[in-house]
**Q** 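Mind having a look at this structure? Questions to follow.
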Amino acid sequence: MLIITLIRIVDLLLSVMMWIIIVQAVLSWLVAFNVVNTHNDFVRQLLYALSRITEPLYRPIRRIMPDFGALDFSPLVVLLIIQVLRQIVLPAIVVSAVT
């Protein structure tokens, strides 16, 4: 079944994306509380790479959501969307593909 293999690949990619968002959030908190120094080249490049990966996901949500000042809820919204896709949409596609 090709569709089930494709669904598994999509699920894996969504899982990886979820972990990337979590790592970016934790790293941004560490930078905000001066636990991690952004003058370190590795940290700076890691932050830049994570930002380049996640920014296309955050941008449409930031346009829709109201401004909360210093709080950014777009990663939380993206994580919720990923969970809905993984828990509801993908299993429904698998069930419809099997029958």
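For reference, positions follow the sequence shown, starting with 1.
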**Q** Should Ile4 and Val98 count as side-chain neighbours, where that means a heavy-atom distance under 4.5 Å?
**A** yes
**Q** When you measure from the side chain of Thr54 to the backbone of Leu50, do you find a donor-acceptor pair of N or O atoms at a distance under 3.5 Å?
**A** yes
**Q** I'd like to know whether Val10 forms a side chain to side chain contact (heavy atoms under 4.5 Å, CB included) with Leu85, so could you lay out the CA-CA distance, the side-chain angles of the two residues, the decisive distance to 0.1 Å, and finally the verdict.
**A** CA-CA 10 Å; Val10 169; Leu85 288 173; over 6 Å; no
**Q** For Phe68, look at atom CZ and say whether over 12 heavy atoms of other residues, nucleotides or ligands are found less than 6.0 Å away.
**A** yes
**Q** Is Arg44 paired with Asp41 through a side-chain N to carboxylate O contact shorter than 4.0 Å?
**A** yes
**Q** What distance separates Leu71 CG from Met65 CE, expressed to the nearest 0.5 Å?
**A** 9.5 Å
**Q** Should the pair Asp72-Arg62 be classified as a salt bridge under the 4.0 Å nitrogen-to-oxygen rule?
**A** yes
**Q** Is there a side chain to side chain contact (heavy atoms under 4.5 Å, CB included) between Val78 and Ile61? Walk through the geometry before answering.
**A** CA-CA 8 Å; Val78 172; Ile61 293 176; 3.4 Å; yes
**Q** Under 3.5 Å, is there a donor-acceptor pair between the side chain of Ser15 and the main chain of Asp11?
**A** no
**Q** Could you please spell out the steps behind the side chain to side chain contact (heavy atoms under 4.5 Å, CB included) verdict for Leu47 and Phe42?
**A** CA-CA 9 Å; Leu47 282 169; Phe42 175 75; over 6 Å; no
**Q** Is the shortest side-chain heavy-atom distance between Met17 and Leu57 below 4.5 Å?
**A** yes
**Q** Kindly indicate whether the side chain of Trp19, heavy atoms from C-beta on, has any atom under 4.5 Å from the side chain of Gln24.
**A** no
